[in-house]
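Accompanying notes for the structure given below.
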Amino acid sequence: MASPAVVSAPRAAAAASSSKTETFVDNKRKDDIRMSNIAAAQTVANAVRTSLGPKGMDKMICTANGEVIITNDGATILNKMEVLQPAAKFLVELSKSQDVVAGDGTTTVVVIAGALLKQCLSLISAGIHPTVVSDSLHKASIKAVEVLTAMALPVELTDRDSLVKSASTALNSKVVSQYSTLLAPLAVDSVLSVVDPEKPEIVDLRDIKIVKKLGGTVDDTELVKGLVFDKKVSHASGGLTRIEKAKIGVIQFQISPPKTDIEQSIVVSDYTQMDRILKEERNYILGMIKKIKATGCNVLLIQKSILRDAVTELSLHYLSKAKIMVIKDVERDEIEFITKTLNCLPIANIDHFRAEKLGFADLVEEISLGDGGKIVKITGIQDMGRTTSVLVRGSNQLVLDEAERSLHDALCVVRCLVNKRFLIAGGGAPEIELSRQLGAWAKVLQGMEGYCVKSFAEALEVVPYTLAENAGLNPIAIVTELRNRHAQGEINTGINVRKGQITNILEENVVQPLLVSTSAISLATECVRMILKIDDIVTVR
């Protein structure tokens, strides 16, 4: 449709001097930029679309340094993709923020955004102003969240079964889905063990430490009440490997002879001086170890040191003589977690080494796993902080990394349920229901708004459509049948991908937290509105 401004373009130049009313505006560039933004974002959305749902495909990502990652977690795929177009970067950020808010549904959110953009494109090319489209999107998303909340079923934290169901739904679309019976209860137990009764809504996932150890299979993954290190005990001169009734000190200083501050060399001319230096070193180390032994400490966790060796051969020898077990090279960022778990204080200087700063545990031992790897376990900790460790095993690095990512998604799902205690059906049921209710609501609205909301409702059908398509079913027949069922009032009907037909999804135990769906819709609409509002890209040198 040609706008009046374009028609009056030739006259505008002549009339410009006489009247200020008619001016020629060139909108071509703005439209082009909007189109290219939408096209770029849609391309990104289509890239992850095939990996939606339990029958979705996996992506193999080869990074620049030759590392290979196999995953179908939307956030991971987009994170590793080198996206250059600025609008397409929005979608990468979008899946990141969904990962932060809900942890699961990172693919869904991008797919929904892609579908919305497609609808917006047709609306704008029909001549509706982007601002109108954007505002009605906003209204529709608020309405959508209300509809979802009305559909949700409340859940109690004591009801462990429904928590496990939702965690296993999150795991079903992952590479390690065959282990969901093991990983789902594990995720639920680990989250429930770190929930603080005083602040029941807040779960800090940093309190759950995931330790990856190559070897074994995913079946060997276990939950450890205590601490796990994937390190060996230092075995210099017969160090101990098992201590009961352990008193554990976490130290941040070095047990080694002091060095000069500046780079300088000391010239020794006489062998008696040599002896004196060695004697001093020995006395210095012995003095430290006596102080440590005096407090009754018999397990030392030593932080990695940059300046000099944290422990020398000599100090390890004396420590093993004093019957003190040493675990060295503890990472700097693990110290906080360790001290929280052991309920002790980190000791930064030998002079501050006192018995009240130690942690107590029933057993510290080195366990050798079947394939030659060794780990150190600390169990039976007194007054243990609210933390927990998960030891993840896997036959190769790819499986191991994917198991960790999947476990993280499952933990996030349980965290969502702790935050907002409502469940909702999965399998495309909520999206079809939203589509139906928003379509009905659109008929009530007036003017352009109703038109926009109607197309927004159509866009939501992309989720069940894609689910059916990825499972190799006939998407059109399935979605039509779904609409029909929902119109008859069966609001929990969804696509059962395993059986390849339409069933009541709640009976199949396919459930997800309300927070995943609501945040997916509101974040996707926000992102789309942002892309619509952009009408020019200015590059600044």
For this session: Considering only NZ, NE, NH1 and NH2 on the basic side and carboxylate oxygens on the acidic side, decide whether K174 and E402 come within less than 4.0 Å.
Result: no
Exercise. Should the heavy atoms of other residues, nucleotides or ligands under 6.0 Å from NZ of K209 be counted, would the total exceed 12?
Worked result: yes
Problem set entry | K80, NZ: over 12 other non-hydrogen atoms inside 6.0 angstrom | no
Problem set entry | H486 side-chain N/O to T493 backbone N/O, donor-acceptor pair under 3.5 Å | yes
Problem set entry | Matching residue for D99 among L78, V109, T76, D409 - test: side-chain contact (heavy atoms from CB on, under 4.5 Å) | D409
Exercise. Is a side-chain donor or acceptor of R421 paired with a backbone partner of V418 at a separation under 3.5 angstrom?
Worked result: yes
Problem set entry | Test: K499 and E508 ion pair at under 4.0 Å | yes
Exercise. Any chance the side chains of Q488 and N484 put a donor and an acceptor closer than 3.5 Å?
Worked result: yes
Problem set entry | Sidechain N-carboxylate O distance under 4.0 Å for K374, D230 | no
Seminar exercise, completed: Value for CZ (F90) from CD1 (I534), rounded to nearest 0.5 Å, stands at 4.0 Å
Exercise. Should we say atom CD of E82 is surrounded by more than 12 heavy atoms from elsewhere, each under 6.0 Å from it?
Worked result: no
Exercise. Atom CD1 of I495 and atom NZ of K55: how far apart are they, to the nearest 0.5 Å?
Worked result: 12.5 Å
For this session: Pick out which of D207, T341, D204 makes a side chain to side chain donor-acceptor pair (under 3.5 Å) with T387.
Result: T341
Problem set entry | Short N-O contact, R206 and E336, less than 4.0 angstrom | no
Exercise. Quick check: are there more than 12 heavy atoms from other residues, nucleotides or ligands sitting under 6.0 Å from CE of M35?
Worked result: yes
Exercise. Can K454 and E458 be counted as an ion pair, charged N to O under 4.0 angstrom?
Worked result: yes
Exercise. Looking only at atom types and distance, does a side-chain atom of T63 sit under 3.5 Å from a main-chain N or O of E67, one as donor and one as acceptor?
Worked result: yes
Problem set entry | E526 bridged to R529 by N-O distance under 4.0 Å | no
Problem set entry | Heavy-atom side-chain contact between L137 and C452 under 4.5 Å | no
For this session: Begin with the C-alpha distance, continue with both residues' side-chain angles, and end with the deciding distance and a verdict on side chain to side chain donor-acceptor pair (under 3.5 Å) for T169 and N172.
Result: CA-CA 5 Å; T169 306; N172 274 342; 5.1 Å; no
Seminar exercise, completed: So CE of M530 and CG of L94: to nearest 0.5 Å the spacing works out to 9.0 Å
Exercise. Between T217, L223, V218, which is the residue that forms a side-chain contact (heavy atoms from CB on, under 4.5 Å) with T221?
Worked result: V218
For this session: Check for a donor-acceptor pair, side chain of S168 on one end and backbone N or O of V164 on the other, with a separation under 3.5 Å.
Result: yes
Exercise. So does R485 pair up with E433, basic N to acidic O under 4.0 Å?
Worked result: no
For this session: Check step by step if side chain to side chain contact (heavy atoms under 4.5 Å, CB included) holds for L506 and L153.
Result: CA-CA 10 Å; L506 283 186; L153 312 160; 3.6 Å; yes
Problem set entry | Partner of D536 under side chain to side chain donor-acceptor pair (under 3.5 Å), chosen from R34, R29, K30 | R29
For this session: Check whether any side-chain N or O of D104 sits under 3.5 Å from a backbone N or O of A170 as a donor-acceptor pair, and report yes or no.
Result: no
For this session: Check whether any side-chain N or O of S125 sits under 3.5 Å from a backbone N or O of L121 as a donor-acceptor pair, and report yes or no.
Result: yes
Exercise. Taking the side chain from D196 and the backbone from K199, do they hold a donor-acceptor pair closer than 3.5 Å?
Worked result: no
Problem set entry | Side-chain donor-acceptor pair present, N46, T43, cut-off under 3.5 Å | no
For this session: May I ask you to decide if T50's main-chain N or O and N470's side chain share a donor-acceptor pair within less than 3.5 Å?
Result: yes
For this session: Using modelled atom types only, decide if a donor and an acceptor are shared between the side chain of R393 and the backbone of D219 within a distance under 3.5 Å.
Result: no
For this session: Determine the minimum heavy-atom distance between I378 and F229, stating which atoms define it.
Result: CD1-CE1, 3.8 Å
Exercise. Counting only N and O atoms by type, is there a donor-acceptor contact under 3.5 Å from the side chain of T71 to the main-chain atoms of D73?
Worked result: yes
